[in-house]
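Keep in mind that what you see is a predicted model, and the values were worked out from it rather than measured. Just so you know, ligand 1 is whichever comes first in the structure, and atom 1 is the first atom listed for that ligand.
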Amino acid sequence: MTIELKKLTKRFGSLTAVEAIDLDVGDGEVLCLLGPSGCGKTTTLRMVAGLEYASEGDVFLQGKRVNDLAPRDRNVAMSFQFYALYPSLSVAENLAFPLHGEGLSKSEINARVQRISDTLQLGGILNRTPGQLAEGEKQRVAVGRSIIRDPNCFLFDEPLSRLDVQLREEMRGEIKEVLQDLSKPTVIVTHDQLEALTMADRIAVMRDGRIEQVDTPHNVFQRPSNLFVAGFIGTPQMNLIPATFTALHGDDTAEFAVEGGQTLTVVVDPAIKTLAPGAKVTLGIRPRNLEISTEPVADGLSTRIDIVEPMGAETLAHMNDGHHDLRLVTDWRVPLTEGEQAHTRFPPGTTHIFTEDEQVLRTP
Ligand code: ATP
C-alpha cells in the first residue's frame, strides 16, 4: 500500500493553500508533514482523506486514483488528538466503537479488539473504564481506537498536541513502534520538530503550501537543502550570518567578509569552487558546532557575551559580533561571563553556505 500525491494543489479563492505537491509514502513508512502554522499541512492531509477536494493534481492510494471517491470509500483513518474516550464504556468497548456500523460479526469484532490489545499491551485493562486508567494507558487506548478499523493508511493531525510534556515524550516512541508494526503508510501532521524528528522515517518540511525538503530526520537536520529548512529545524536555531565570499585558498578554504567588518576563513564544502568572489552568501553554523577559542583566530569571529543561560549539562550563550547575534551551546564547565569578550571558532566542515537564491551550496 502506498500514498502518492502528484502535483496536488488546493486553492481557497485567491489563496493557494497547497501548491503542486509531489509526495509518496511507502508501506510501513511514517512521514511527518512539518511546518509553521498555515503552511498547508492539514489541507494536504484532508485532501488525502477526501475531506477536501483537490483544485488540481491527483491522490493515488495503492496505485488507484481516488480524487473522486468519498471519504468513506477511500478506507483511510484520519484522527485528531488521541484523547477523547467514552468515559462510561470499558476499554474493550471503546476500542470496538469505530467498528460498529461496519457490518462485522461479534466474533470478528472481538478478534480485532484482541489483536489491538495484544499490539498495545492492553490485555490487563480491557474491562476498566477510562476513569480507572493512568494517563499513558488512556493514550494507548486512544491510539488503539484510531487504528482498529484496519484502513489502507493512517492520517494523524497533531496527535500529541493536547498531552503534557512527559506524556508526549513517552508517546512519541511508542507510536513509532506501533505504526511500524502495522506496515501501513502513515502521515502525521505536526508543527513540533521534535515530534517529527523522533517519530518520522521521513519528514516533509513545508512552507507556504510548498514542500521545501523531503528527507530523513538526520538529513533535514545535518544537510538542510535551503535557508528555510536550516533556520526552521534545530533548537536553538542555526546561526545565519550574511557575508560576501572574497577568496579561495586551496580547494576548500574560503575567505568571507562578514557583514560588519570581520574576516572569516573557514574550511567549507568544495562546491565553494563554483562561486565567484564577490558573491553574497549566508553562512550557517549550528550553536553546538560553534566553539570558544582563547584567542582571536582566522576561522572565528570575535564577540561579546550578552547573555548566559545555564541549561543543566550545557550552557547557551547569546553573543554578538557587533552586528549579529550568535548562539553558542557548550559544555556547562566552559566559563562564560556576561559582558566579556569571547572568541568563537568555526570548526572545519561545520559551516553551511547558502547562496543568494537561498539554496545550499554543497557537493551532491
Ligand atoms: P495549522 O498548523 O495552523 O493548522 P496548517 O499548516 O495545517 O496550519 P492549513 O490549515 O492547511 O495550514 O491552512 C493553509 C492555509 O489555507 C491557511 O492560510 C488557512 O487559513 C487556509 N485555509 C484552510 N482551510 C480553509 C478554508 N476552508 N477556507 C479558506 N481558507 C482556508
Step by step, would you call R202 with E29 a salt bridge (charged side-chain N to carboxylate O under 4.0 Å, His left out)? CA-CA 8 Å; R202 284 188 306 151; E29 184 178 32; 2.5 Å; yes
If you apply the rule side-chain hydrogen bond (donor to acceptor under 3.5 Å, both in side chains), what do you find for Q213 with D215, and how did you get there? CA-CA 6 Å; Q213 184 169 0; D215 223 321; 3.2 Å; yes
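For atom 20 (O) of ligand 1, no protein non-hydrogen atom is found at a distance below 4.0 Å.
Under the 4.0 Å criterion applied to side-chain N and carboxylate O atoms, D269 and R362 are not assigned as salt-bridge partners. For the pair R304 and D306, the salt-bridge criterion is met [side-chain N within less than 4.0 Å of a carboxylate O]. Between E19 and R210 there is a salt bridge, since a side-chain N of the basic residue sits under 4.0 Å from a carboxylate O of the acidic one. Checked for salt-bridge contact, E314 and R288 meet the test: a charged N lies under 4.0 Å from a carboxylate O.
At the shortest separation from atom 17 (C) of ligand 1 among protein heavy atoms lies G38 O, 3.8 Å. What sits closest to atom 23 (C) of ligand 1 on the protein, heavy atoms only, is F12 CE1, 3.5 Å. Distance from atom 3 (O) of ligand 1 to its nearest protein heavy atom, with residue and atom name: S37 OG, 2.6 Å.
Put simply, the side chain of E338 never gets that close to the backbone of I307: no donor and acceptor are under 3.5 Å apart.
Considering backbone and side-chain N/O of V189, none are found under 3.5 Å from N/O of ligand 1. When only interatomic distances are considered, the shortest N/O to N/O separation between G40 and ligand 1 falls below 3.5 Å.
Taking 4.0 Å as the cut-off, C39 counts as a neighbour of ligand 1 on heavy-atom distance.
The option with the heavy atom closest to atom 2 (O) of ligand 1, from among R46, K41, K10, E52, is K41. Remark: among candidates L15, T44, D157, T43, the nearest residue to atom 13 (O) of ligand 1 is T43, based on non-hydrogen atoms.
Atoms of ligand 1 found under 4.0 Å from any heavy atom of T42, numbered from 1 in the order shown, are 4 (O), 5 (P), 7 (O), 10 (O), 11 (O).
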